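Below is one structure, written out as structure tokens; the observations come after it.
Just so it is clear, the model here is predicted, and its values are computed rather than measured. These numbers come from the heavy atoms of this one structure, side chains and all, not from hydrogens, waters or symmetry mates.
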Amino acid sequence: MNTASSEESEKVADLLFAICLLLVFIMAARTPLDSDLWWHLKAGEYTIQTASPLMKDLFSYTRAGETWINHSWLGQVILYWCFHNAGYWGLGFCVALVATLSMAVLFKVMGGSAFFKSVFVVLAAIVSSFIWSPRPQIFSQLMFAILLAWLVKGQKASLFQNVLMVIFLFAFWSNLHGGYSLGIILLSLNLIGGVVQTIWREDDQKNEILTHIKRYGIYLISALAGSLLNPNGLNTLIIPFRTVGVEALQNLIDEWASPDFHHLAMQPFLILMFVGIISLAVSRKNASGFEIVGFIGFTYLALIAKRNFAPFAVFSTFMIGNHLPEVMDKISARFRMNKFFGSQKRLPGHISKPVNLMLVALLGVTALLKCFYVTHPVVVSAYEAQFYPKHAVAYLKSSGIPKGNLFNSYGWGGYLIWNLPAVKVFADGRTDLYGDEILMEWLYLIHAQDEWKKILEKWNIDWLLVEPNQPIVKYLIQAEWEVIYRDEVSIILVR
């Protein structure tokens, strides 16, 4: 390829890269409200005001004063800083930017043409978008993509320098969000993949693989050591197991449930999974043990819980980029098709520079306009009133808060922590703090099951703020509890 042709291909690749990321940003720009957002903001506010991470429960009466392993304190600070300085627009822009950066890293680490990468990065973004919300969890996808990129392309430094890099990466990640455990899993699967690979490789290749295993064993130990550079200390290593061990999660939180493939929104995941399987099956390039074990591992995690869609999307798309372009290249050559999916970085026809700039500018303006629209106070307020007890809270602020302990809707716990800070909640989204004991009591009480009356008396509950259609509402009205407020979203009952 001559110099002029090479420069033209690079320009087309840059254009597609820009278009791809702008499309991802448009997809990621959404109204920044989430049931867990509010307690994250409150904890971030506390950390900034006191210059110390919040490490005990101040928000509930069921766990008051107990140690809280706050694995996301740094992520909370970032989110609160964005909200404090730029309101909902700052939150929305932060989420969209971090999501876009994670896809940018994936684009750069993938193989194939720019067009091929654009198609599959957008598909990966659709699958990942399930977890794109204003919570510290959004930072874990970016860190996961960075770690994968380093594993694939970044090990040119000395062993000592790489160890320092791993320690720094995991120290930063473990303070951002408990999802650092995904990085531990990624390194572990890389190590296991090396072990598996020794089974089918020739003897003269095993020494190289054994060296790889030793090196990544050191990196894994370094990652665990880096994760401990955290205010939570050894508890940092416990939190992933405490969270996953809560059996009530699937009953309370949709993202912890397995995907229901009857829903159209789950189909992109199936497409990506099947393309990954086909890529490994038809590729003439030998898949590494890391690719096979990693794809199986992250597919399994995604099938167990939808919150694992993001690491699955990043890893499987990276793997597809290693194997599918060659196959597409041969198919296009055989059927004399334009090599959109091959290794050639070129679009058919001639696109002038002004048109390119106009297209990018149009998408850029669209991205910013969408970000401004979905974070506009009127839009946010309407969304808030539709899904949260906004009007009930306004009523309580004007008429006074009832005395005694509150029993609240689980999904509204964080909202009440932020908007009614004087009220201690029964439970909120911090599942690792409450555990099965409190969360199962919450389920029994809200559904008026088993010994719900004893739970009511155990916690001296004097008033409720829940959805009007909850089973407990009917029973309490029959027991002559007073309805002091009711609308389509919420109801307040007082003993």
Please say whether more than 12 non-hydrogen atoms of neighbouring residues, nucleotides or ligands are located less than 6.0 Å from [atom1] in [X].
| X | atom1 | answer |
| --- | --- | --- |
| E488 | CD | no |
| Y373 | OH | no |
| H447 | NE2 | yes |
| E451 | CD | no |
| E480 | CD | no |

Nearest-0.5 Å distance that lies between atom [atom1] in [X] and atom [atom2] in [Y]:
| X | Y | atom1 | atom2 | answer |
| --- | --- | --- | --- | --- |
| W412 | L420 | CH2 | CG | 12.5 Å |
| D432 | I239 | CG | CD1 | 3.5 Å |
| M273 | F312 | CE | CZ | 6.5 Å |
| M110 | L148 | CE | CG | 11.0 Å |
| N232 | S174 | CG | OG | 8.5 Å |
| I185 | N308 | CD1 | CG | 7.5 Å |

- [ ] Could you check whether the rings of Y388 and W38 sit parallel, tilted or perpendicular, using 30° and 60° as the cut-offs?
- [x]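 Rings of Y388 and W38: perpendicular, as their planes differ by over 60°.
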
Open item on the list: Pair H177, M143 - check side chain to side chain contact (heavy atoms under 4.5 Å, CB included), show working.
Closed with: CA-CA 10 Å; H177 182 248; M143 300 301 291; over 6 Å; no

Can you tell me if [X] and [Y] form a side-chain donor-acceptor pair at under 3.5 Å?
| X | Y | answer |
| --- | --- | --- |
| W173 | S140 | yes |
| Q76 | H40 | yes |
| Y415 | N408 | no |

Please report the closest heavy-atom contact between [X] and [Y], naming both atoms and the distance.
| X | Y | result |
| --- | --- | --- |
| A392 | D487 | N-OD2, 4.3 Å |
| K306 | F130 | CB-CE2, 3.4 Å |
| I461 | L406 | CG2-C, 4.5 Å |
| R30 | T375 | O-CG2, 4.5 Å |
| I455 | Y444 | CD1-CB, 3.8 Å |
| L272 | A313 | CD2-CA, 3.7 Å |

- [ ] Kindly indicate, with the supporting measurements, whether the criterion ring-ring contact (aromatic ring centres under 6.0 Å, His included) is fulfilled by F93 and F25.
- [x] CA-CA 9 Å; F93 184 82; F25 188 95; 5.8 Å; yes

TODO: Check step by step if ring-ring contact (aromatic ring centres under 6.0 Å, His included) holds for F318 and F315.
DONE: CA-CA 5 Å; F318 148 74; F315 189 90; 5.8 Å; yes

Does [X] pair with [Y] as a salt bridge, N-O distance under 4.0 Å?
| X | Y | value |
| --- | --- | --- |
| E45 | K42 | yes |
| E437 | R63 | yes |
| R486 | E467 | no |
| R495 | E482 | no |
| D36 | R430 | no |

Do [X] and [Y] have side-chain heavy atoms sitting under 4.5 Å apart?
| X | Y | value |
| --- | --- | --- |
| V483 | I491 | yes |
| F17 | S118 | no |
| F170 | N230 | no |
| S52 | T47 | no |
| W73 | L54 | no |
| I492 | L464 | no |
| V494 | D462 | no |
| V105 | W150 | no |

TODO: May I have the step-by-step check of side chain to side chain contact (heavy atoms under 4.5 Å, CB included) for F261 and L270, ending in yes or no?
DONE: CA-CA 8 Å; F261 296 115; L270 283 180; 3.5 Å; yes

With a 6.0 Å cut-off on ring centres, are [X] and [Y] close enough?
| X | Y | answer |
| --- | --- | --- |
| F372 | W89 | yes |
| Y216 | Y219 | yes |
| F274 | F269 | no |
| F144 | F298 | yes |

Determine whether a donor-acceptor pair (N or O, by modelled atom type, separation under 3.5 Å) exists between the side chain of [X] and the backbone of [Y].
| X | Y | value |
| --- | --- | --- |
| K153 | K108 | yes |
| S258 | L303 | yes |
| S381 | V378 | no |
| Q267 | H263 | yes |
| N175 | L74 | no |
| K370 | I26 | yes |
| S102 | A99 | yes |

Open item on the list: Is there a side chain to side chain contact (heavy atoms under 4.5 Å, CB included) between D57 and S60? Walk through the geometry before answering.
Closed with: CA-CA 7 Å; D57 179 38; S60 79; 2.5 Å; yes

Open item on the list: F83: which residues meet the ring pair (Phe, Tyr, Trp, His ring centres under 6.0 Å) condition with it, sequence neighbours left out?
Closed with: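 So F83 forms a ring pair (Phe, Tyr, Trp, His ring centres under 6.0 Å) with Y88, W418.
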
Task: CA sep, side-chain torsions, deciding dist, call: E441, W452, side-chain hydrogen bond (donor to acceptor under 3.5 Å, both in side chains) - done: CA-CA 8 Å; E441 287 185 337; W452 66 270; over 6 Å; no

Open item on the list: Is there a ring-ring contact (aromatic ring centres under 6.0 Å, His included) between Y395 and Y485? Walk through the geometry before answering.
Closed with: CA-CA 8 Å; Y395 168 82; Y485 178 86; 5.2 Å; yes

Task: side chain to side chain contact (heavy atoms under 4.5 Å, CB included) evaluation trace for Y61 with V423 - done: CA-CA 9 Å; Y61 61 88; V423 175; over 6 Å; no

